[in-house]
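Computed from a predicted structure; not experimentally measured. Each chain gets a letter, A, B and so on, in the order the sequences are listed, and its residues count up from 1.
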There are 2 protein chains.
Amino acid sequence: MFAEYLFAEYPHAAARVFSGIGGEAVPLMLQTVSNRHPHHFSKDATLLLEGDKCNVVYCVLDGWIALSKALEDGQNQIIDFALPGDIVDPVAADGTTSSVTIEALTDASLAAISYGSWEIMISEWPELYHLAHLVEAARQARRDERILRLGKGTAEMRVAYALLEFCIRLAPACGSECHQFHIPLTQQQLGDYVGLSSVHVCRTMRRMVRNGILEMHDHMDIRILDAPSLARLAGVDIEELKREIVPTRM
Amino acid sequence: MFAEYLFAEYPHAAARVFSGIGGEAVPLMLQTVSNRHPHHFSKDATLLLEGDKCNVVYCVLDGWIALSKALEDGQNQIIDFALPGDIVDPVAADGTTSSVTIEALTDASLAAISYGSWEIMISEWPELYHLAHLVEAARQARRDERILRLGKGTAEMRVAYALLEFCIRLAPACGSECHQFHIPLTQQQLGDYVGLSSVHVCRTMRRMVRNGILEMHDHMDIRILDAPSLARLAGVDIEELKREIVPTRM
DNA sequence: CGTCTCATTGATCCGCCTCAATAGCTGTGG
DNA sequence: CCACAGCTATTGAGGCGGATCAATGAGACG
């Protein structure tokens, strides 16, 4: 939503968007070099790595972006996924360093907007501020839902919620009542997202398949057969969840 | 930090702050009626409850505010604490409803700023926008740290991190190198924050006391005796954590 | 002095992790 | 074409961390 408006209704700002990177009027491309090295970024994209200066906001135009943190022992936790239309502002409270690691899970393209450009854009087009506010509210609402389930939910609830979240967030790309979608994740990554081991993710999803709630085909092509049951497992009302995590212009 | 600037450097805005509530130049008071009914709000504060319209941002002036969500079965998870200087914007992606339940853990006072006032203030005083951005970045950074530990950390790590977070966030109120502080929480509430049962919170903290890392006195007066060990248990570097979660004007 | 709340400690149970083995799939090189 | 390696998914077996249940202690309060 955000990206569409950005480009459709404010071409002046859209042009300015790309000026954040070396003044060039082309989007920053993040490309995974190969499946073997999914963490590798093209050179321009190393800006995104933890510890670097960050004085830009990214708007995801295409692809899946994962924001993650790791413990010393190597344990990795995916904090959130950023999908097209989402805004990524990884800055920590010191205003300069990034608090998360950012990686592209698929080939992806981002628009980089420097803080300076961003402020100018907002002052010139207040509607942009409202839209960004809604996108940020959506991000916060879905992280809060996940915190709730990380703290208090069972494995089944966590996985069911994650699948519903994907279903809802991907719906704009495949029709409003689409219950079939693809997630570019291994079970290991899905486990890193919901706080479970890959083994237990596998068991949990297998059980859902056996119970006729899901269908799965080669590597995470998912079809939800029984959405009400899945929502019950996740402990959510689907319509209510949509209101909370899908940015909607008033 | 934010609140100080708000009042010290922009009295005009500060006056406007309170105009969000019925035009009265007094802050909205949230008072717990008694310890027996900590969830009870004074009448004016019911604005804050989940499901209500929310078109205001709150700036915490004094007291502890808890943001929480609950599952159907009554399980409660505290998403975050808002302390003096923090900004609370509970709105969900629909732009109107709140995605969390807000409650005061102590007597508390909040400044309520309507979205309209907020935009005017920002346009008149751009520095306010930068400050709010840092406060929001701090909120996000500490929630991300907690998501990491909810997903991958042991009980010891979760509790240790929470204590360090409190220590750092409360430091401005009691000197920069203060390792002694009070948290107005029961072990049940601390458990709701870190995703553990109150029983296990008790065991974990007792062990820390036995190991000479902490001292505890009547209901959560805490003194950190061995900060390096606590930081090791939490899996953080204290200085790094400060940079990430304490808003700092550049 | 009884009641209420909260902290503490013990005992038991279970959900999920870990380890391990197998199977399926893809790409690669002989 | 087959053989092999590498990665992911799947399934089983066993162990452990934290939940749950239960009992006692300790202040705070009326």
Whole angstrom value for the distance that separates P of C:dG24 from NE2 of A:H217 | 18 Å

Is there side-chain contact between A:R143 and A:D80, with heavy atoms separated by less than 4.5 Å?
-> yes

Just how far, in rounded Å, is C1' of D:dT8 from CD1 of A:I183?
-> 14 Å

Would one find a side-chain N or O of B:Q187 under 4.0 angstrom from OP1 or OP2 of C:dT8?
-> yes

Taken to the nearest whole Å, CG/A:D218 to C1'/D:dA9 is 13 Å

With sequence neighbours left out, the residues meeting side-chain contact (heavy atoms from CB on, under 4.5 Å) with B:A137 are A:V91

Whole-Å gap separating C1' (D:dA9) and NE2 (A:H219) | 7 Å

Might you point out which heavy atoms bring B:L190 and B:A162 nearest each other, and give the distance in Å?
-> CD1-CB, 4.4 Å

According to the interplanar angle, ranging from 0 to 90°, do the rings of A:F81 and A:Y193 count as parallel (below 30°), tilted (30 to 60°) or perpendicular (above 60°)?
-> tilted

Are side-chain heavy atoms of A:F166 and A:I222 found at a separation under 4.5 Å?
-> no

Salt bridge B:D86-B:R169, side-chain N to carboxylate O under 4.0 Å | yes

Reading nucleotides 19-25 of chain D from 5' to 3' and marking B where a protein heavy atom lies under 4.0 Å of the base, S where only the sugar-phosphate is that close, and - otherwise, the string is SBB----

Among C:dC6, D:dT8, C:dT8, the nucleotide that comes nearest once only the side chain of B:C202 is considered = C:dT8

If you measure from CG on B:D73 to CE on A:M157, what distance do you get to the nearest 0.5 Å?
-> 6.5 Å

For residues 205-214 of chain B, which residues have at least one heavy atom under 4.0 Å from DNA chain D?
-> none

Who are the side-chain contact (heavy atoms from CB on, under 4.5 Å) partners of A:V88, not counting sequence neighbours?
-> A:Y58, A:V60, A:L67, A:A82, A:P90, A:I102

Ring pair (Phe, Tyr, Trp, His ring centres under 6.0 Å) partners of A:Y161, counting only residues at least two apart = none

Residues in residues 144-156 of chain B with a heavy atom under 4.0 Å of DNA chain D, by number, are B:T154, B:A155

Would you kindly give the CE-to-C1' distance between B:M220 and C:dT8, to the nearest whole Å?
-> 12 Å

If you look at every heavy atom in B:V159 and B:M205, which pair is closest and at what distance?
-> CG1-CG, 3.9 Å

Electrostatic pair A:R207-A:E156, nearest N-O below 4.0 angstrom = yes

How many Å lie between CG on A:D192 and C1' on C:dC16, as a whole number?
-> 15 Å

What's the CD-P distance between A:Q188 and D:dG6, to the nearest Å?
-> 19 Å

Rounded to whole Å, the CE-P distance (A:M216 to C:dG24) equals 16 Å

